Colleague: 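Submitted below is the structure of interest, expressed as structure tokens.
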Amino acid sequence: MHEGRQMQKLRHAPQPLNLFIAQEVYRVLLFTIFLAQVVVVRHVPYIGPGVRFLLTSWVYAFYWFDYKWSLTNLALEKRIQFFQSHWAYFAGFGSLCIIPQLLFPFLLSEALMGMAFPLFVLMACESDPRAQYEQVAGAEARYGRQMELGIVPVFSTAQRMTTALIQQFDSVLVGMRYVVSRLTFVFKRVQPQPQQRSASS
């Protein structure tokens, strides 16, 4: 917990405005595609509900911790790397939001989540997944057991689709810039040139 407070106080250098805007656009596209995956996967027979539960838990956990990471100016790629390295912690953290949706009707569960949302944000700001992992791993090591959780590429599919989508937009923008430059050149050629006065006048 102490390390979590130290991380919270750490401030990274702010990004230039153009990089900040690009990062936010990428983040919106990334999670839009990820949420579309959640909608699609719930229709998969047998495993759909369980996978949807896990993916939705990760979404909520990222939203809550994103407030903390935004305050420290942490770059988006580092947020994703850290999240995917501690996927088990974030799955458990985000499941706290999904459980009320399973136990109560929709309107009641949404009302409970609306009231509890600030509390979850505060809990995320005070939490330190790395310290919790080291504590559990140390306890397992005292009993001669090793606990090694590899990196799970939670957002890999959404990242590939987002990158492909941005590349398509970029190719369209390059084509538009070429067309604009050609049209500008043509318009300059067809514009009437002002007549020069003769030297005698």
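All heavy atoms count here, side chains included; hydrogens, waters and symmetry mates do not. Note that the structure is predicted; figures quoted are calculated from it, not measured.
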Colleague: Hey, are the side chains of T163 and Y26 touching, using non-hydrogen atoms and a 4.5 Å cut-off?
Modeller: yes

Colleague: Quick check: Y63 with F120 (ring centres under 6.0 Å apart)?
Modeller: no

Colleague: By side chain to side chain contact (heavy atoms under 4.5 Å, CB included), which residues pair with T56, not counting sequence neighbours?
Modeller: V38, R52, Y60, I98

Colleague: Testing the basics here: between S95 and S57, what is the closest heavy-atom pair and its distance to 0.1 Å?
Modeller: CA-OG, 3.5 Å

Colleague: With rounding to the nearest 0.5 Å, note down the distance linking CG in L74 to CD in Q81.
Modeller: 9.5 Å

Colleague: If we check ring pair (Phe, Tyr, Trp, His ring centres under 6.0 Å) with F90, which of these qualifies: F62, F83, W58?
Modeller: F83

Colleague: Would you please name every residue forming a side-chain hydrogen bond (donor to acceptor under 3.5 Å, both in side chains) with E110, sequence neighbours left out?
Modeller: none

Colleague: What side-chain donor-acceptor pairs closer than 3.5 Å can you find for residues 154-162, not counting sequence neighbours?
Modeller:
from, atom 1, to, atom 2, distance (Å)
S156, OG, P153, O, 3.1
T162, OG1, A158, O, 2.6

Colleague: Are V40 and V44 grouped together when hydrophobic residues (ILVMFWY) are joined by side-chain heavy atoms under 4.5 angstrom apart?
Modeller: no

Colleague: What residues form a salt bridge (Lys or Arg N to Asp or Glu O under 4.0 Å) with R27, not counting sequence neighbours?
Modeller: E24, D66

Colleague: With clusters defined by side-chain heavy atoms of hydrophobic residues (ILVMFWY) lying less than 4.5 Å apart, directly or transitively, does I47 cluster with F53?
Modeller: yes

Colleague: Going by the rule side chain to side chain contact (heavy atoms under 4.5 Å, CB included), which residues pair with A124 if we only count those two or more places apart in sequence or in a different chain?
Modeller: W64, F65, F93

Colleague: Mind checking the CD1-OG spacing from I80 to S85? Nearest 0.5 Å is all I need.
Modeller: 11.5 Å

Colleague: For Q23, give me all partners under side-chain hydrogen bond (donor to acceptor under 3.5 Å, both in side chains), at least two apart in sequence or on another chain.
Modeller: Q15

Colleague: Membership question, hydrophobic clusters at under 4.5 Å side-chain separation (ILVMFWY): are L76 and L29 in the same one?
Modeller: yes

Colleague: Group every Ile, Leu, Val, Met, Phe, Trp and Tyr by side-chain heavy-atom contacts under 4.5 Å, then state whether L35 and V51 land in the same group.
Modeller: yes

Colleague: Distance from L122 atom CG to K68 atom NZ, nearest 0.5 Å?
Modeller: 12.0 Å

Colleague: Find the distance between CG (D128) and CD (E134) and round it off to the nearest 0.5 Å.
Modeller: 8.0 Å

